[in-house]
Each structure stands twice: as C-alpha cells, then as structure tokens.
Amino acid sequence: MFQVKRFVAILMAATMIPPVGGFAANHRSAPITALDHPAGITDWYAFVSYDDPTKVTFIMDVDPLLEPSNGPNYFPFDPNVTYTMKIDNTNDGIEDITFQFQFTTQFKAPTLPLGFVGAGAGINGPANAPASLSSPIPVSGAVIPPAITSLSGAGAAGLNYSQTYSVTMITGTGATAVSTNLVPAGTTLYAVPSNVGPRTMPNYTALAKQGIYNLGNGVSVFAGTVDDPFFIDLAAAFDSLNFRSGSSFIGTGGVLSANQDQNDSQNYAADSLSGFNVNTIALQVPISMVAKSSASPVIGTWAATYRSAQTIRSAPSPITTSGALQQVNRMGNPLVNELIIGVGSKDTFSMSQPNDDKQFANFALDPILARALNAVYGITVPDPPRTDLLPLVQYSGPTIPDGTPAGPVADMLRLNTSIPPTPQSARKRLGVIGGDLAGFPNGRRVSDDVVDIALRAVAGAVCGAPVSATGKKTVCTAAGNPFAGTQVPALGDGVNTNDVPYQETFPYVAFAQSGYSRIHRNAGDKTCAQAAGCPAQ
Amino acid sequence: MKLALAVLMLCTMAAAQTPAQRAILAAREQIKKDPGKSPGYNDLARAFVRRGRETGDPDYYRQAERAVLDSLRLEPDNFEGYKARVMVLLGQHEDAAALDLARKLNQRIPDDVLTRGLIADACMELGDYPQAETQTQWMLNLRRGNIPGMVRGALLRIIFGDTEGALDWLTSAFRLTNATETEDRAWLLTHIALLRLQTGKPELADQLLNQALEIFPDYYFTLDALAETRSAQAVDLLRRAQKLAPHPRRLFALAVALKKSGSAAESERTFGEFERQAVRISTKPDNANRELIFYYADYAHKPPEALRVARAEIARRQDVRTLDACAWALYAGGQYPQARAELDKALKLGIRDTTLFAHAAAIAEAVARAISR
C-alpha cells in the first residue's frame, strides 16, 4: 500500500496531554509531579545519626501538605509506587546501593465506611439500637471498636485500613545487581497511620513508636505519616520572593537582623507547613554498610520514586525480565528542581539520572534566582559562571577529604560520614556556612534551614570560602571586581525552625500532628519549637 | 419558533463540519477578537494542518504556513508559532527541516511533550528509528497511557515487528479518543484494519474500514486501504479516492489495479500519466519516488532508471519503505547481494510485512541462483 500523510503530529490534538504549565512550588517540584502527589518527593535528608555516630540515617518524605484532619482514609503510601534511596560510594554519580520500599494495603473490614475508628474499650449498641437489615434483633456487641492502640493484633481492631511494606537492599545495578530482603523472616512491617485524634488513637506516641523496627545487623526502619519536618514561608518564597517585612524585621523583608539570624529556635514569619503532615520513610544503617571504607567515607545520596513503565519494546520471548520501572521523581540537594531548574526542564530533570546532570549545568552556573535576588533586593551578586556553587554538585568543598575524585556534575546530597554529629546544643541551622560541619551541605539534617542557606549560597555566600579540606578557596567577581561571600546580607525567610520539636532519636522527625487539634500558623504568627514559648527578641 | 429553527440549523451545520473545520472557525473567531496576538493564528495554522490531513489537499498547508507567518510577525519569538511551523513542514514532507526546527525547540523547552512527538514523527519519516523510539518512550515515561505517545509507540512497534503490541495500543488509543474527533478515530481504525489485513484477517479489516467510513465518510486514507481488502472493487475505490485527494502515488496504485482487473489499455494510459506526474515532482519533498522505483523496476522494465531514482531517494531518507524500494531497484538491476544488504537493513529492525518478506524471498532466491551458477 502506498503511504499517505502518515504523520501523527496533529493527531489527538484535543486529547493531547496539556503542555506543561508554569507552576512550581516547594513541595510540588515539577509540573508532572504536581499531578502525582504520592510519588512526589518533598524532602530528602541524610546525616550521621545524632545518637549513634556509627550509623547514618536517611529520610525520604513524599506526598506533601497532608492536612491532618483530612479523613476518612488519610494518607496511604501508593502501592503502585516504588520508593527508593540511592547511595553512590564510588564518586561516579551512579548508585552502588539502593534501598527499595514497596507498600501493600489491607482492608480488615471492607464493609466499614471508615479506615480508622475506635473509642475507649469499644462502644456497644445500646438497648434502643435499631434492628439490623439482615436480622430482626437489635445490633449487639461493639458498634465502635476499641480505640486503636496497636498496629496489629489486639488493639488494632479499628485499624481497618493498614499498610505493610518490604525493604530490599540492592547492591550494584543492572543485570549484575544483587537483591537482599532486609526484613527478617516472620516479621511484618506496618506503616504508621496518621494521627486521627485522641478518641480513636488515645496514645498516639506509643502507637507510632511501634512502627520503629529493628531489622537486625544495626538496621532500623520507620514508615508512616509524620509531622512535616521542613519549615519555610512557602507563601512568601513563591510570591516572587515577597519575604515579610513586618515589625520583626529590620529594614527590608528577606534580610534578618543579627539577633534574628542567631536565634535558631524562633520564627519571625509563619511556617507555611506548620500543622501539616507528610509521609516519611526513615532508614538507619551502619555507616560500614554504605560507605566504601573508612578511608573513603564520603557518599552521594538521593531519593527516587518509580512507577511501572509502559515500554515500546515488549519483553523478549521467552520472557526473561519483568517489572520495568520508570523514574517519576528524584531529589538530592534541596530546592534544586524548585529554584534552579527552569520550568521547561523540570520534568526532564525529574526523570533523568544524576550522572546525566551536566545537561542542566547552565541552570546552576548562571542561576536565575541570583538574578532575581539582584533585581528584587538590589544586592550585588557574583558574575557567572558560578563555579562557587560546584561543591553542591560535585565531590568537593570543605567537608570532602582531599584526594576524593570530584566526579561528574550530579545532583546528590553528599555526606562525609566521618564527620561526627554535632550535639543538639551546638547545632546550627545554617550548617556549614554557620560553622557546623555536620550540617548541610554535608548531608542534610531535619533542622537545617536550607531555605536561608540556599538564598545566601545563590547570592554568593560561599565566595572566598574554602572548597577543599586544605583550604583552597573559591574566587568570585561581581561586575569584574573581587567579590567576597561576606558581602552577602543575612538573607532569610524568617522561618528558622519547625513548628514542633524534632526527636533526638530515630526516626528524628516528630510524629504526626493530630487531626483533631492541628493548628496552622497564620502569616504574622510567631512560632517556636520551645514548649515554654517564644523568647523575647 | 424561528429561534428554535435557527438553533437547529446551527447545530446541524456544526454536526456536519469536520473537527478541522470546526477548529478553523474557532480560530478565526479568536483572531477577530484578538487580531494583534499570536495564539489565534497558531490555532488557525494547526487547524489548517488538520484539514490538510483530513482532505489530502496540500493547499491547506500553504494556508497554514501563512497563518504561521502572521503569528511570527506579531510575536517573533513565540514557541507555539514555531511548533505550528514544524507541523506544517511535516505535512509538506519537509522532514529534515522539520526535524532541525523541532530539535531547536526541544533544546529550548525539553519538557514540551508535543515537540518530542514532532521529533519522533520526523525521525520515523527519515528512518531514524532509534531516535524516534527515544522521544516516544520519553512521552510514555512522562505519563503512562497518553494517546499521542501510544499512537507513535504503536507505529514503532509495527517497525519492530510487534504487530500484536501495535494493535493493543492503537485499539486503546481508539477507545480513549473522544467521539467528536471523527477523523482521528477513522485514522486509527484504518491503521488497525491494515494490521488486521497483514495478519490474515481480511474480513475483520473490511468491517473496520466500513466502520471508519461511517465515522468519517469519504476519507481517502480509508478508501485506499479498502482497495486492498476488496480487490474486485479496487479500481472504483481508488478512482473515488483520487477524485477526493488527487496524488501521483495513487495513480500508480490505480494503474496496478487496472492491470490486475484486465483493463490493459487503461492501465497503460494510467501508468503513463503516473510517470509524467511523478517525474515532475521527483525532486520535491512530497514526491512519488518509491512508486516510481517500482514502476521502472516492474512495469516499465527500466532498471537503470529505477536505480537512479532509488539512489536519490535513499540519500534523503532511510525508512523501511524506501530501503525496500531501493533493494528492489538493485534486484531489478541484477545487483542481488547489494539488494539483500539493503533490505536486511529494514528487516533487521524486526518488521513483519508481507511485501518486504516477498521481496526478501525473491532476492534470496536470486542470490542463491547466482551462487549456484
């Protein structure tokens, strides 16, 4: 047959996937991810465990802005999403170790309209209970099951909707990869449900703690809904850098006073994520399990989510492979996709691999955010190319031992596991630029204020700072003149800490906020994580 | 009463219009409201491209190009205007130029899904199947089950020999396509029918083509396909299609059908007319060179001419159909090993096509004969 107008360019014009729009916000990083909340990674943390410096903790948060009162089904992980944590320990931007998590959902009583229900010892049908449709006698026994006090067995009668999960460690990649099930035989891992409220879950902390599992060999895991540990004035940040300039600020909004900058436990603007939960997977493993050796202690880490792939090429016959996966989202350093990558490249970034990040290098070497800070605040920013930012995307910087191969440009969160954790009393929210080498960008702790750090780094705060452990320094210019990081003002969103205290032990994040009593802070509210209230300025 | 009649008439008129005609009207309305902005002109250009495909009339591509020029005059840097230009270029078979522009657009906005699809379209036309696959897979990776991705994926599956897989995706695309998109649905049904024909189900193919004609009456693409399932009516069907959307390519098919039906004299006349028209457009992008190659090789018995046209065409594009035509020209010229090498380039992709297999068998036999001599 001869061929006529075979092209399909205009085919399905009416049903074409809509062109990607210009939406981007912190917890919904790329256009397509904005439509796929369960697979959307909100934050990725990697740090040497505060209470055990022989271990490293990874925390992956997904599914943003979970309103604690949003029942009745609350916030399951998506069983069709494969959640992964990846570690490069050979400095090439390719994962050497992957931890993979897969969730399964169970319904105990499918006819019940609620996923989570319970009260006291259970509420029986009273004497005047109406007869049931199937029986002429009144309903007797517990109409409302006992309060939920356990994730399984006795005390879990009202946990109608529950999720279990698997943890697999994959060493290597491709055909030679080796998978190991990390869950001991006979152990079932339950995801911790959201905190519905005091009647249904009267001792939520005790319930959540049951979701911390010791898998042996020094490995611990926790999965479930928790308080979102991230803190930011999201509204101001994405209202074209419209940081608050209220009475608590001196001068321009977005520039903190010395007192404000030094107070890591008080907020001067509302934490937009206050009162919101997020789904988290936390994993703690011995450093020896992920670092190549004690002589090579630096790892590059990132999180990625996958869905099953729809491939043009069918499986070979006989079928030798199955379960092909397609990456939906990834995160290494915080705020890269949100603040650095152009809106027309965000989905491409989400779907690509860190070792291919050279294609996005221009976004980092001439960040629009720096130009925006220059335009909005009038501050001087360094000239491109911004090689001072390379330590964020290469194995270099003051926390990386000399002699470590820099590797390719790759968005990974790098962690020198030989740097011990900083005690809580000495911890600085500004991490390395605040003089605390155990914080971002040496990994990332839940308390690191990556918004303020990112604003300052993009404005040139690391210019003149050491880029190697032996003190080699970056050199920057602005309009051709020498530029030092000390010229950068104390940029910040005024949100210095989380709305509730973190934990100092695994899983380090605060357990989920109660749906019954959650509070979202409003603009202008001062909040702090101290039980005694906010200190005076 | 008058108002009701007017509404009824308007509704009837709207129902009688094709999707492209409706899109043209809507775009013109938009231009009237906002003549100083590019979106209306971009919509008009896309609508004309659609109309070009609906009718096979190349004049619509010229109108589309004028709309693109208007759009770019008003807003010289507008991305959608350039995308519309790529569509026009593809419609005019300016595949290399379309690919060049689409790649530039892709560098500018890597996340634009349709641009990826346009690159895939151009690559398929030019025979760069690995690149077409990469771009189409990206579309499917972005979102499973999107129709444009599945349709392009189905066409690639045909090339890779996965006929059942192609049927699966084309059928899914048909089910997902809005009922108002009549030409799209007929296009899909016609492709499904052609695959059914390839897999030895001519009755089913015929039913599907009938269904396509009910959805989009007088669709030249479907009439061409129907001529393959109804050999007794092939001449009439091809004449009807030629009247609707004249093209030298179809004259060749008509001449062959006439010859098969025993109308030798009319077939000769039609071949003659075909050759005149095909030679006239031989150096143009929208040509009938593949048919010209087969004509010279099989009917005019002029192998050197077949080879000359084949060499010119293969320099332009290396898709499976052109590779097959080139191989056939070499075969006709007695260059059997070279013919086999050329056809192997197509067959190694995995394609399972009766015409290509028949040619491969003839070439293999000739090679064997030559060796045994």
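Note that this is a predicted model, so its numbers are computed, not measured. Letters A, B, ... are given to chains in the order of the sequence lines, protein chains preceding strands, and every chain is numbered from 1.
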Heavy-atom pairs under 4.5 Å with chain A: which of Leu197(B), Val256(B), Asn141(B) has the most? Asn141(B)
Between Arg116(B) and Thr136(B), does any side-chain donor sit less than 3.5 Å from a side-chain acceptor? no
For Phe360(A) and Phe349(A), take the angle between the two ring planes, folded into 0 to 90°, and tell me which bin it lands in: parallel under 30, tilted 30 to 60, perpendicular over 60. perpendicular
Portion of Gln326(A) that has a non-hydrogen atom of chain B nearer than 4.5 angstrom: side chain
Suppose we call two aromatic rings close when their centres sit under 6.0 Å apart. Are Phe48(B) and Tyr61(B) close by that rule? no
Would you mind telling me which of Arg157(B), Met150(B), Arg144(B), Arg108(B) has the largest number of heavy-atom pairs within less than 4.5 Å of chain A? Arg144(B)
Between Trp169(B) and chain A, which part of the residue has a heavy atom less than 4.5 Å away: side chain, backbone, both or neither? side chain
Taking the inter-plane angle between the rings of Phe160(B) and Tyr129(B) on a 0 to 90° scale, is it parallel (under 30°), tilted (30 to 60°) or perpendicular (over 60°)? perpendicular
Does the ring-ring contact (aromatic ring centres under 6.0 Å, His included) test come out yes or no for Tyr83(A) and Tyr165(A), once each step is laid out? CA-CA 11 Å; Tyr83(A) 303 88; Tyr165(A) 62 100; 10.0 Å; no
Chain A contact via Asp162(B) - side chain, backbone, both or neither, heavy atoms under 4.5 Å: side chain
